[in-house]
Amino acid sequence: MSRHARPEPQADARLDPYRQGAARVLEGDEQVGLLLTRVDTWWWRAGPFWRRRWVDPRELPQWALSPVGTEQASPPFEDGVIAAEELDEELADWDSGVFRLRGRRFGLDWLGPDEAHALHTEHGWGDVV
């Protein structure tokens, strides 16, 4: 492998449900947002600038939250990547139908694969599976 090649990460089976996931974001019984998730590979660069190489590949989930409904009840558009050190806790929350953002706790109603795929396509994430 050349020093410019990026090594492939080991697949993390815990991330499978979120590779192209979508959920309704709920506050009580009211839908206030739509959460899209996908999994991408992240690398770190190591070495001096004349001998850089990509190391420590890791799959990490990305998310995007779009508001739905009235402005007061809905969280603003946000997106992010779950850091490796926060992954276990975040996956436990997602598995139990919880999404935390800026001190607020929302419920999640995960959608089926067909609806999730359609939403990913609609929101510009359809090219990443």
Side-chain angles (χ1 to χ4, degrees):
M1 171 168 58
S2 80
R3 66 186 174 111
H4 297 290
R6 294 183 180 187
E8 288 299 315
Q10 265 191 317
D12 187 340
R14 300 174 306 159
L15 298 174
D16 287 350
Y18 311 111
R19 291 187 187 282
Q20 192 175 48
R24 291 181 190 90
V25 178
L26 308 170
E27 189 157 53
D29 291 335
E30 181 183 358
Q31 181 178 354
V32 295
L34 177 67
L35 180 73
L36 297 178
T37 63
R38 66 182 178 188
V39 176
D40 205 357
T41 302
W42 293 79
W43 294 267
W44 283 257
R45 290 193 336 186
F49 73 88
W50 65 86
R51 202 170 162 94
R52 293 252 186 234
R53 63 193 178 285
W54 297 101
V55 298
D56 195 20
R58 185 170 285 181
E59 289 188 318
L60 295 173
Q62 295 179 277
W63 58 270
L65 174 64
S66 297
V68 173
T70 64
E71 275 189 43
Q72 291 116 350
S74 299
F77 176 84
E78 297 247 3
D79 62 345
V81 176
I82 305 302
E85 45 289 338
E86 298 169 355
L87 186 59
D88 292 338
E89 184 179 346
E90 193 72 30
L91 290 179
D93 278 351
W94 289 1
D95 287 344
S96 63
V98 173
F99 183 71
R100 298 174 200 273
L101 180 64
R102 303 195 185 285
R104 294 174 72 183
R105 185 177 193 268
F106 299 99
L108 293 175
D109 178 24
W110 290 100
L111 305 173
D114 292 338
E115 197 170 359
H117 177 74
L119 288 168
H120 273 252
T121 301
E122 179 183 332
H123 290 272
W125 275 14
D127 59 336
V128 179
V129 177

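Because the structure is a prediction, the values reported are computed rather than measured. Throughout, residue positions are numbered sequentially from 1 according to the sequence presented.
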| Taking everything shown except E78 itself, do over 12 heavy atoms lie less than 6.0 Å from its CD? | yes
| remark: Between A64 and D79, the two heavy atoms sitting closest are CA-CB, 4.0 Å
| field | Separation between CG of L65 and CZ of F99, rounded to the nearest 0.5 Å | value | 5.5 Å
| Between P61 and I82, is any pair of side-chain heavy atoms under 4.5 Å apart? | yes
| said: I'd like to know if L26 and L119 are part of one continuous hydrophobic network [Ile/Leu/Val/Met/Phe/Trp/Tyr, side-chain heavy atoms within less than 4.5 Å]. | reply: no
| Any L34 side-chain heavy atom under 4.5 Å of V25 side chain | no
| task | Taking the side chain as every heavy atom from C-beta outward, state whether W94 and W110 have any pair of such atoms under 4.5 Å apart. | result | yes
| Say you draw a straight line from CZ of R100 to CD of E86; how long is it, rounded to the nearest 0.5 Å? | 12.5 Å
| remark: Rounded to the nearest 0.5 Å, the CG atom of L87 sits from the CD atom of E90 at a distance of 8.5 Å
| message | Please give me the minimum heavy-atom distance between G21 and H120, naming the atom from each residue. | response | O-NE2, 2.8 Å
In a table with atom names and distances, give each donor-acceptor pair under 3.5 Å that connects a side chain of residues 9-17 to protein atoms at least two apart or in another chain.
{"unit_1": "D12", "atom_1": "OD1", "unit_2": "R14", "atom_2": "N", "d": "3.1"}
{"unit_1": "D12", "atom_1": "OD1", "unit_2": "R14", "atom_2": "NE", "d": "3.1"}
{"unit_1": "D12", "atom_1": "OD2", "unit_2": "R14", "atom_2": "NE", "d": "3.4"}
{"unit_1": "D12", "atom_1": "OD2", "unit_2": "R14", "atom_2": "NH2", "d": "2.9"}
{"unit_1": "R14", "atom_1": "NH1", "unit_2": "D88", "atom_2": "OD1", "d": "2.5"}
{"unit_1": "D16", "atom_1": "OD1", "unit_2": "R19", "atom_2": "NE", "d": "2.7"}
{"unit_1": "D16", "atom_1": "OD1", "unit_2": "R19", "atom_2": "NH2", "d": "3.2"}

| query | Which atoms form the tightest heavy-atom contact between T41 and P57, and what is the distance? | reply | CG2-CB, 4.2 Å
| field | Shortest non-hydrogen separation from V81 to W63 and the atoms involved | value | N-NE1, 4.1 Å
| message | Please check this pair: side chain of H117 against backbone of G112, looking for a donor-acceptor N/O pair closer than 3.5 Å. | response | no
| request: Locate the shortest heavy-atom distance separating R52 from G47; write the atom from each residue and the value. | output: NH1-O, 2.8 Å
| Side chains of D95 and Y18: closer than 4.5 Å at any heavy-atom pair? | yes
